[in-house]
There are 2 protein chains.
Amino acid sequence: MALTPPRDDETASIDNPLDTLLGYQLRRASAAILADLARALEELELTPTEASVLLLIGHNPGITQSEIGRTLAIQRANMAPIAAMLTERFLLTRTQADGRSQGLLLKRAGVALADRVRAIIAAHEARFLPDLPEEERQSLIGVLRRVWAPR
Amino acid sequence: MALTPPRDDETASIDNPLDTLLGYQLRRASAAILADLARALEELELTPTEASVLLLIGHNPGITQSEIGRTLAIQRANMAPIAAMLTERFLLTRTQADGRSQGLLLKRAGVALADRVRAIIAAHEARFLPDLPEEERQSLIGVLRRVWAPR
DNA sequence: TATTGTTATACTCTATAACTATA
DNA sequence: TATAGTTATAGAGTATAACAATA
C-alpha cells in the first residue's frame, strides 16, 4: 500500500472548489439560518415549518390546508398532522368552507403565539448580515425569489 | 360549527408574509437549486453531496475523511459510507497517511468523473439567474458566504 | 373527473452513541 | 486525552399511494 506524506501543516487551508458555486453557498447559508431559527423557536415548541404555517393562516384567515401546502411547498399529506397539532393546541379552529374543505382561523392563543413568532423571527433575521443596508437586503431577497418563484 | 364564506375567487393571491424574509427566500431558493442539481447528477449516479466530496478530493489529493467532513459540514460518521461507495466504484484509493488516518486520492476514473461533474454543475449553475452580471454573481456569493462561514 | 383531507408508509438526510486503533 | 474511521441506530423531513367524501 502506498504511503502518502502528511498533508501540509495544521494551518494549511483546504482548497474548496465549491466556494465559487452559487448553489453550494446558498445551501450552506440556508442550512445555517434554518438551524438558528429552529433553535430560536424551540421555546415556543414550534418548528420553522409549523411557525410558517401559523403566520400564513394569521395573514389569510379562512385559508385551507391545500392552499397552505401549495403556497409553502408542503405536501397535502404532510399538512394534515401539522394542522391537527395546531388544533390540539387550541391555536386554530376549522370552519367548513365547502363540503370537502375547511377554512382555518387563528384563535386568540394562535394570534398571540403568531405575534411571538414574528418577534423571534425579527430578532433572528437581524442576527444575519446586520450591516447589510436595507436596500441591498431587499435586492437580495428579490434575487433569491427569482431563483424559485414561478416566472 | 361556524360557517366561513369561501375565500375570494381563484385568482385571489394569497398574502405570504414570508416573502419578505431573507431566511425563507434562502430556503426556497436553496431547495429549488438542490433539486435541479440532484436531477442533473442522476446520470452519473451521484448525489450532490457525493459529487461535492469527489470534487474536494480532486482539488486536495491526500485529504482525509475527517477533513472533508469538517470542510463540507458532513458528520464523520456519514462520511464513512460515502468514501466506501466511491472506493467500491474504483473512483478513489486510500493511502495510509498515519496509523489512524488515510489520505484519499482520485483514481483515473475518479478524475474523469469529476470532470463530468464539473461540466454538469457549470450547466446547472447557468440555468439560474442567467442574466445576472458576473460581478453581481460574485458579490452575491460573497454575501451568502458571510452568512455561514466562520467570521 | 378533479379536489380535499386523511392515513399509512417509505425514503433520504442528518445526528448521536459507542467502539477500536492510533497520536 | 484527543483524533480517525467505523457501525448501528434514531430522528427529522419529505414523498408516494390509496381511500372516502365532495365538487
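Proteins get letters first, then strands, A, B, ... in listed order; numbering begins at 1 in each.
- Atom CG of Asp98(B) and atom C1' of dT3(D) are 9 Å apart (whole Å).
- Put simply, CZ on Arg76(B) is 16 Å from C1' on dT9(D), counting in whole angstrom units.
- Looking at the side chain of Ser101(A), the nearest of the listed nucleotides dA23(D), dG5(C), dG5(D) is dG5(C).
- Here the straight-line distance linking atom CZ of Arg137(A) with atom CG of Leu132(A) works out to 6.5 Å at 0.5 Å rounding.
- Atom pair Ile82(B):CD1 and dT7(D):P shows a separation of 14 Å (rounding to whole Å applied).
- Which of dT7(C), dG5(C), dT4(C) sits closest to the side chain of Arg70(A) comes down to dT4(C).
- The side chain of Gln65(A) places an N or O atom within less than 4.0 Å of a non-bridging phosphate oxygen (OP1 or OP2) of dT6(C).
- Nucleic acid contact class of Ala77(A) (heavy atoms, under 4.0 Å, all strands): base.
- Protein atom CG of Leu41(A) is 12 Å distant from nucleotide atom P of dG13(D), rounded to whole Å.
- Among dG5(C), dA17(D), dG13(D), the nucleotide with an atom closest to any side-chain atom of Gln102(A) is dG5(C).
- For Asn78(A) and dA15(D), a side-chain-to-base donor-acceptor distance below 3.5 Å is present, hydrogens and geometry of angles not being considered.
- Going from atom CD of Gln75(B) over to atom P of dA15(C) covers 5 Å, rounded to whole Å.
- Within the 3.5 Å criterion, the main-chain N or O of Ala83(B) finds a donor-acceptor partner in the side chain of Thr87(B).
- Rounding to whole angstrom units, CD of residue Gln96(A) and P of dT22(D) are separated by 9 Å.
- For Thr49(B) and dC13(C), the shortest distance from a side-chain N or O to OP1 or OP2 is not below 4.0 Å.
- Look at CZ on Arg100(B): it is 6 Å from C1' on dT22(C), rounded to the nearest Å.
- When the P atom of dT14(C) is taken as reference, atom CE of Met79(B) falls 12 Å away, rounded to whole Å.
- Residues Ile82(A) and Thr47(A) have side chains not in contact (no heavy-atom distance under 4.5 Å, counting atoms from C-beta outward).
- A donor-acceptor contact closer than 3.5 angstrom links the side chains of Arg27(A) and Thr49(B).
- Picking from dT14(D), dT16(C), dT14(C) the nucleotide with the shortest atom distance to the side chain of Arg27(B) gives dT14(D).
- A close approach under 4.0 Å does occur between a side-chain nitrogen or oxygen of Ser66(A) and OP1 or OP2 of dG5(C).
- Taking the side chain as every heavy atom from C-beta outward, Phe128(B) and Asp36(B) approach each other to under 4.5 Å.
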